[in-house]
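We're numbering straight along the sequence, starting at 1. Every heavy atom of this structure was used, including side-chain atoms; hydrogens, water molecules and symmetry mates were not.
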Amino acid sequence: MNACISGNRVLTDAPADQPELGISGLDRFAHDALGKPRVRSVILLEGINDIGNNAGPDGRPLTAQNLIDGYRTLIAKAHAAHVRIYGGTLLSYKGAAYTNTKGGPYYTAAGDAIRRKVNHWILTSHAFDGTVDFAKTVADPSDPLKLRAAYDSGDHLHPNSLGDQAMANAIDLAQLH
């Protein structure tokens with residue numbers, strides 16, 4: 001099952017003037033993932049919209065620690081429900097063809113530094129039950145800050161169907177039990 005919503009964030013709800021972008025992952029996780037029948041494992045790939053919108057808690061600028069704290073909350077919720085949770089690394093997004101909800105650029109070097117810190121934590125903290133390095137799977141080998149052209153939907157943020165397939169192929173189904 002794939003549960004997603006355009007523009008979703010881990011930490012904060014969408015601005016009031018953009019309700020179609022949804023409520024935070026922290027508030028939706030129990031319903032969207034843990035509340036599904038017979039769920040045993042969840043792969044979490046969430047956070048790039050927090051970064052692109054520089055959307056930290058209480059209207060503050062986002063930090064890597066904010067996202068990490070949000071992930072720790074989701075991990076605790078999953079474990080309390082006896083569900084394994086696997087962390088997916090956040091994809092490269094240099095050149096993303098969007099402006100953020102504040103009217104600024106979606107991609108920034110500062111935002112990408114947060115993404116790289118968060119990805120390092122996902123891969124090395126052992127906080128998740130396992131990890132999937134989606135970022136490495138779909139990154140452009142000549143410029144790892146961008147999606148590989150063959151996997152780019154054209155907006156430099158979302159993978160196309162080949163990118164989705166590459167990401168699916170990166171999942172070790174045996175680790176999901």
Side-chain angles (χ1 to χ4, degrees), residues 1-14 21-57 62-93 96 100 106-107 111-139 144 147 151 153 157-161 163-177:
M1 180 183 96
N2 182 2
C4 60
I5 187 167
S6 175
N8 191 51
R9 304 174 186 176
V10 173
L11 302 172
T12 61
D13 296 345
L21 298 181
I23 61 172
S24 76
L26 291 174
D27 290 335
R28 296 176 55 228
F29 189 59
H31 174 269
D32 288 359
L34 304 179
K36 300 303 178 194
R38 297 180 303 282
V39 65
R40 296 187 330 232
S41 299
V42 171
I43 299 172
L44 181 68
L45 174 57
E46 192 81 64
I48 202 67
N49 289 318
D50 298 77
I51 294 170
N53 289 296
N54 194 18
L62 182 71
T63 68
Q65 192 60 53
N66 294 145
L67 268 180
I68 290 166
D69 292 346
Y71 293 148
R72 287 189 186 282
T73 299
L74 295 174
I75 291 165
K77 287 181 180 188
H79 289 163
H82 307 289
V83 171
R84 289 177 300 280
I85 182 168
Y86 299 86
T89 56
L90 303 176
L91 308 184
S92 302
Y93 71 113
N100 64 34
Y106 198 82
Y107 175 86
D112 197 67
I114 291 171
R115 181 188 69 86
R116 286 182 279 123
K117 285 179 189 173
V118 166
N119 281 351
H120 178 76
W121 179 84
I122 289 169
L123 293 170
T124 64
S125 69
H126 304 288
F128 287 98
D129 295 301
T131 61
V132 183
D133 197 348
F134 291 130
K136 182 178 178 182
T137 299
V138 298
L147 290 176
Y151 296 155
S153 68
L157 178 64
H158 299 95
N160 60 19
S161 58
D164 289 342
Q165 185 63 59
M167 291 169 59
N169 292 343
I171 300 168
D172 178 2
L173 295 178
Q175 86 171 330
L176 300 182
H177 301 73

Do Asn49 and Tyr106 touch side chain to side chain, with heavy atoms closer than 4.5 Å? yes
Closest approach of [X] to [Y] (non-hydrogen atoms, all atoms of both residues):
X      : Y      : value
Trp121 : Arg72  : NE1-NH2, 3.4 Å
Asn100 : Gly52  : CB-O, 3.1 Å
Gly70  : Leu11  : CA-CD2, 3.8 Å
Ala139 : Ser92  : CB-OG, 4.1 Å
His31  : Lys36  : O-CE, 3.6 Å
Ala96  : Leu157 : CB-CB, 4.2 Å

Taking atom [atom1] of [X] and atom [atom2] of [Y], what is their separation to the nearest 0.5 Å?
X      : Y      : atom1 : atom2 : value
Tyr93  : Leu147 : OH    : CG    : 12.0 Å
Lys117 : His120 : NZ    : NE2   : 11.0 Å
Lys77  : Leu26  : NZ    : CG    : 5.5 Å
Ile171 : Ile43  : CD1   : CD1   : 3.5 Å

Could you list the donor-acceptor pairs under 3.5 angstrom formed between side-chain atoms of residues 127-137 and any protein atom two or more places apart in sequence or on another chain?
from	atom 1	to	atom 2	distance (Å)
Asp129	OD1	His79	NE2	3.3
Asp129	OD2	His79	NE2	2.8
Asp129	OD2	Ile85	N	2.8
Asp133	OD1	Thr89	OG1	2.9
Asp133	OD1	Lys136	N	3.1
Thr137	OG1	Asp133	O	2.9

Polar side-chain atom of [X] near backbone of [Y] as donor-acceptor pair, under 3.5 Å:
X     : Y     : result
Asp13 : Ser24 : yes
Tyr71 : Leu44 : no
Asp69 : Asn66 : no
Arg9  : Ala14 : no
Asp50 : Leu62 : no

Name the residue from Arg115, Met167, His158 that meets the side chain to side chain contact (heavy atoms under 4.5 Å, CB included) definition with Leu91. Met167
Apply the side chain to side chain contact (heavy atoms under 4.5 Å, CB included) test between Ile51 and each candidate in Val10, Leu90, Asp112; give the one that qualifies. Leu90
Going by distance alone, is a donor N or O of one side chain under 3.5 Å from an acceptor N or O of the other, for Ser161 and Asp164? no
